[in-house]
Number of protein chains: 2
Amino acid sequence: MSMSHACDHDHDHAHHLDSGRIAARLSEAQRLCEAQGERMTAPRLRTLELILGENAPVKAYDVIDRFHPDGAAKPPTVYRALAFLEQMGLIHRIESLNAFVACQGHADGQVVQPHAAAFLLCDCCGSSEEVAVSLPEIDQQAAASGFETRRVTLEARGLCKACR
Amino acid sequence: MSMSHACDHDHDHAHHLDSGRIAARLSEAQRLCEAQGERMTAPRLRTLELILGENAPVKAYDVIDRFHPDGAAKPPTVYRALAFLEQMGLIHRIESLNAFVACQGHADGQVVQPHAAAFLLCDCCGSSEEVAVSLPEIDQQAAASGFETRRVTLEARGLCKACR
DNA sequence: GGCAATGTGTTATGTAATAACATAATTGCT
DNA sequence: AGCAATTATGTTATTACATAACACATTGCC
Ligand SMILES: [Zn+2]
Ligand SMILES: [Zn+2]
Ligand SMILES: [Zn+2]
Ligand SMILES: [Zn+2]
């Protein structure tokens with residue numbers, strides 16, 4: 001469930017979304033898919049539901065294990081759903097954790113196309129904060145090298161306010 | 001050996017270091033370790049040698065497979081060496097590729113402590129370019145959130161000049 | 001030499017992700 | 001409705017990536 005930790009403080013600040021808020025995000029996601037002619041199917045919805053349930057990045061195999069009330073899902077079911085949700089911009093993959101987190105750019109109902117994002121990842125409580133940043137320096141370096149950037153991974157690891 | 005590709009051009013621009021240049025980098029690495037009271041042992045040297053041999057990120061299991069002339073090394077041997085080399089700032093882990101690349105910040109013999117770096121990673125030929133960037137925006141965002149950053153991963157994926 | 005600290009060898013296991021192919025649901029067309 | 005094409009899912013098996021645990025060896029110091 002939660003990541004183990006050696007610190008002495010608790011991690012209550014890593015609060016979960018309540019079920020009403022999750023339901024709202026799910027139907028919003030469904031609308032977003034339909035608006036783009038994509039299908040929000042049951043396994044995709046279930047996968048998103050499980051990721052929305054945590055405010056921290058979730059491992060693929062945690063989704064797999066919790067997928068059914070009685071038993072685990074098969075890995076391809078979940079990995080395919082994860083790929084779809086990422087393409088739709090509903091979740092982000094966190095490369096340095098091999099995990100997935102719900103996009104926080106849809107918070108107020110606005111449609112956000114797939115986008116680059118930066119993350120502040122707490123090594124103690126596991127919490128994730130998505131922040132919007134522009135990257136003029138790396139763009140400039142890329143341009144100087146004749147490099148065509150397709151996507152950027154930017155992840156800061158450290159300690160959140162509550163854990164420092 | 002090299003990564004497979006569907007493009008029609010060749011990847012000769014992904015040239016390797018010649019053996020003399022590798023030897024120079026290895027002895028330089030050895031001096032750097034000794035200067036810090038660390039031991040550059042045989043498996044560590046061999047691991048670094050194999051990584052220096054490519055100008056592209058190398059998979060851990062590629063190192064494992066090539067470690068001995070006759071057979072493969074055991075995974076812990078190589079993973080331990082990789083951890084050491086990374087701590088010494090001699091290699092960097094590329095999170096989005098699960099691979100390792102030699103640090104390019106030691107090129108002219110200057111000692112470079114473990115440092116953050118950004119990478120331009122070509123999805124076609126697999127080449128990697130290490131670039132130095134400062135990150136004022138993410139530092140600012142982190143400060144605003146009370147987040148204490150320990151280390152940053154910044155990887156741009158795309159197409160290098162030769163492959164676009 | 002005796003000891004502590006560090007590094008390595010070895011076996012086994014744990015964790016993450018995909019290939020390949022069969023079946024099912026959906027969509028668009030007639 | 002009937003049909004074909006497309007898209008999605010189910011299923012089995014395999015591949016790729018990484019570490020735990022413990023025994024043994026080496027190094028440096030007293
Ligand atoms: Zn987002
Ligand atoms: Zn925290
Ligand atoms: Zn470097
Ligand atoms: Zn290239």
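Residues B:R39 and B:C33 fail the side-chain proximity criterion, which asks for heavy atoms closer than 4.5 Å. Side-chain contact between B:T77 and B:F67 is present, with heavy atoms from C-beta onward closer than 4.5 Å. Residues A:E148 and B:C160 have side chains not in contact (no heavy-atom distance under 4.5 Å, counting atoms from C-beta outward). Counting heavy atoms from C-beta on, the side chains of B:S145 and A:L120 come closer than 4.5 Å.
End-to-end axis angle of the helix from C:dG1-D:dC30 to C:dT30-D:dA1, from C1' rotation axes over five pairs per end: 30° (rounded to 10 degrees).
In this model, the phosphate group of C:dT8 is not approached by any side-chain N or O of B:K74 to a distance below 4.0 Å at OP1 or OP2.
Annotation: the span from B:L82 atom CG to B:R80 atom CZ amounts to 11.5 Å, rounded to 0.5 Å.
Rounded to an integer number of Å, the gap from B:F84 CZ to C:dT6 C1' is 11 Å. Residue A:E34 contributes atom CD, which lies 15 Å from atom C1' of C:dT27 at whole-angstrom precision. Going from atom OH of B:Y61 over to atom C1' of C:dT15 covers 11 Å, rounded to whole Å.
Mapping heavy-atom proximity under 4.0 Å, the span of DNA chain D touched by chain A runs 5' to 3' from D:dT7 to D:dT12.
B:R157 is linked by a side chain to side chain donor-acceptor pair (under 3.5 Å) to B:S96, B:D123, counting only residues two or more places apart in sequence or in another chain. Not a single side chain to side chain donor-acceptor pair (under 3.5 Å) links A:S19 to another residue, sequence neighbours left out.
In the model, B:E137 has a side-chain atom that pairs as donor or acceptor with a side-chain atom of A:S134 under 3.5 Å.
Identified under the ring pair (Phe, Tyr, Trp, His ring centres under 6.0 Å) test for residues 118-164 of chain B, with sequence neighbours left out: B:H92-B:F119.
Nearer the 5' end of DNA chain D, as judged by each residue's closest nucleotide, is the contact made by A:P76, out of A:P76 and B:N98. When each of B:T77 and A:F100 is assigned the nucleotide of DNA chain C with its nearest heavy atom, B:T77 is the one assigned upstream, toward the 5' end. Comparing A:R80 and A:K59 by the nucleotide of DNA chain C that holds the closest heavy atom to each, the one mapping nearer the 5' end is A:K59.
Formation of a donor-acceptor pair under 3.5 Å by the B:E155 side chain with backbone atoms of B:E95 is found in this model.
Looking at residues 38-50 of chain B, you'll see B:R39 sit with a heavy atom under 4.0 Å from some atom of DNA chain D.
The residue from A:V58, A:L26, A:I91 that alone fulfils the side chain to side chain contact (heavy atoms under 4.5 Å, CB included) condition with A:L52 is A:L26.
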